[in-house]
Amino acid sequence: MNLFSKYSGSSDLLAGDLGRLSGSYVPESFPHRETEIDHIVRILSSIMRDSRPSNILIYGKTGTGKTSTTQYVTKMLSEAAGEKVRVCFVNCQVHDSPYSILTTLVNELSEGKDDLIPPMGWPLDRIYGELIARINGKGGYYVLVLDEIDRLLQKNGGDSLYVLLKVIDDSTSSRTSLIGITNDANILDGLEPRIRSRMNQESILFSPYNASDLRDIISFRLKGVVKANVVEESAINLCAALGAQEHGDARKALDLMRISVEIAMREGRKTITDKEIYEARDRFEMDVVKEAIKTLPLQSKIVLLSAVVTQELSSKLMITGEIYENYRNICNELGFMSLTSRRVSDILSELEDFGLLSATTRSMGRYGRTRFIKVMGQLDLFKKHLLEDDNLSMFQGSRIVRQSRFENVFGNKEERNLTDRELENKLSNFADADLQ
DNA sequence: ACTCCACAGGAAAATTGGGGTA
DNA sequence: TACCCCAATTTTCCTGTGGAGT
């Protein structure tokens, strides 16, 4: 028997392309999204009648199908209207400055390689002018889709969006429409009313899928991917239930199913049961952590490393100052420049956003007000991932200290005599109380 | 009531670094 | 080559703050 046969494409399980289960796949049909699709189509169809469609704002949590639905609809629009329409799709998570968005748009509209704008260097108004010129230069309608538009707004208070709305004004006979996609329902709150009203001409809410919606979606996507009776009914239900727990996240549910299938294939199993789904979930979570750590910028890695080794010394909650001290020690040992505490403070917040740390600010009266921090996950695993970075692999950790500040913190006689265990419990209670 | 710790986190200045033009 | 423009990143400087100690 050939060694590779069990890894080859012709598996006992597969009947089609696993890619159908991936998040970026745009299927040919969207169960439980018919009304939303119809709504978008109705708005955009005014192009067919030669008038400009309203701007659209699409709300919905992650994995509710906002992006792929929009891609699907705009693709259909392009096919139906042909040369008349040009759709530009920009992900604001990647391009979050006015500069970056404008260049991306201009380059989307470019014909050849020679009229591309370099990724840096041009003054903003020149790019802006170029964009207007290109839009006006060619006829037809333009639909600008801004995915993850909230990124844009939180970054610099709507400047970028304002610039884009100006593009719409300045394009002659107003043939440009905007579609904004966001998962934050309140993004428009802080904006100027005139921007708000123009962005909000039409808004569409993508409500979270419930478990039975998800079941339909998973079944639908599985069709043609796996052979009949390979996936147990209960496994689909479990997958749907897990996805529903995460605010109705179809992407996650599909990811779980895809990983389950991969696991089953690799292990040579014939069916996919609840067991495979649970395994997939465990692997998924591990991969997420690993990936998150691996892609961290160097300085963030050092800060995280500092947190990890500080916590290794004792499981007490850490405070910002301790982590910063040890961070400086690590920088010293490895010969890196160390950042200011102000910056490290922000990095700690970023790490918290990633879910790698948990932090709660609390005041200890006379002994200051600071964040109580702990590492969310297995220390040794974190450390292993961190040390895989060539820049950190030499780390020894000889100078790491755990200042016994908490002895000062609990300066009164009773608490000074607490054992480590008791102190830890006390601090944990503090933290838990604040973690909802 | 007042002090004062040990920071949080906002605002603005300064630095860095790509890319341009004279 | 020198110098300017621009955006992003960091530093500097700053004000704010909850509550134990006094």
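Naming convention: chains lettered A, B, ... in sequence-line order (proteins, then strands); numbering from 1 in each chain.
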**Report entry** d(CZ, Arg369(A); C1', dG18(C)) in whole Å
**Finding:** 6 Å
Report task. Could you please spell out the steps behind the side chain to side chain contact (heavy atoms under 4.5 Å, CB included) verdict for Ser22(A) and Arg258(A)? Result -> CA-CA 7 Å; Ser22(A) 89; Arg258(A) 180 175 46 80; 4.3 Å; yes
Query raised in the report: For Phe30(A), does the CZ atom sit with more than 12 other heavy atoms under 6.0 Å from it, leaving out its own atoms?
Result: yes
Report summary line: Phe372(A) atom CZ is separated from dC5(B) atom P, nearest whole Å, by 17 Å
Requested in this report: May I have the distance from Arg371(A) (atom CZ) to dA8(B) (atom P), rounded to whole angstrom?
Outcome: 4 Å
Query raised in the report: With nearest nucleotides of DNA chain B determined for Ser349(A) and Gly368(A) from heavy-atom distances, which residue corresponds to the more 5′ nucleotide?
Result: Gly368(A)
Report task. Using whole Å, report how far OH of Tyr324(A) lies from C1' of dT11(C). Result -> 11 Å
Report task. Go through the side-chain N and O atoms of Ser306(A) and Arg328(A) and say whether any donor and acceptor fall under 3.5 Å apart. Result -> no
**Report entry** Separation of atom CG in Leu298(A) from atom P in dT10(C), rounded to whole Å
**Finding:** 11 Å
Query raised in the report: Cationic tip of Arg20(A) within the cone over Phe220(A)'s six-membered ring, i.e. under 6.0 Å and within 45° of the normal?
Result: yes
Report task. Please list, by residue number, the residues of residues 335-348 of chain A whose heavy atoms come closer than 4.0 Å to an atom of DNA chain B; answer none if no residue qualifies. Result -> Arg342(A), Ser345(A)
Report task. Select base, sugar-phosphate, or nothing to describe what Thr370(A) touches, counting heavy atoms under 4.0 Å on all strands. Result -> sugar-phosphate
Query - Spacing of Glu350(A) atom CD relative to dG9(B) atom P, expressed in whole Å - result: 13 Å
Report summary line: In whole angstroms, the gap separating C1' of dA8(B) from OH of Tyr367(A) amounts to 21 Å
Query raised in the report: Does any N or O in the side chain of Glu276(A) come within less than 3.5 Å of the main-chain N or O of Ile263(A), such that one atom is a donor and the other an acceptor?
Result: no
Query raised in the report: Please, which pairs that meet side-chain hydrogen bond (donor to acceptor under 3.5 Å, both in side chains) have at least one residue in residues 63-79 of chain A, sequence neighbours excluded?
Result: Thr67(A)-Asp147(A)
Query raised in the report: If only side-chain N and O atoms of Thr320(A) are considered, is one of them under 4.0 Å from the OP1 or OP2 phosphate oxygen of dA8(B)?
Result: yes
Report task. May I have the distance from Gln299(A) (atom CD) to dA8(C) (atom C1'), rounded to whole angstrom? Result -> 16 Å
Report task. Look at atom CZ of Arg281(A) and say whether more than 12 heavy atoms of other residues, nucleotides or ligands are closer to it than 6.0 Å. Result -> yes
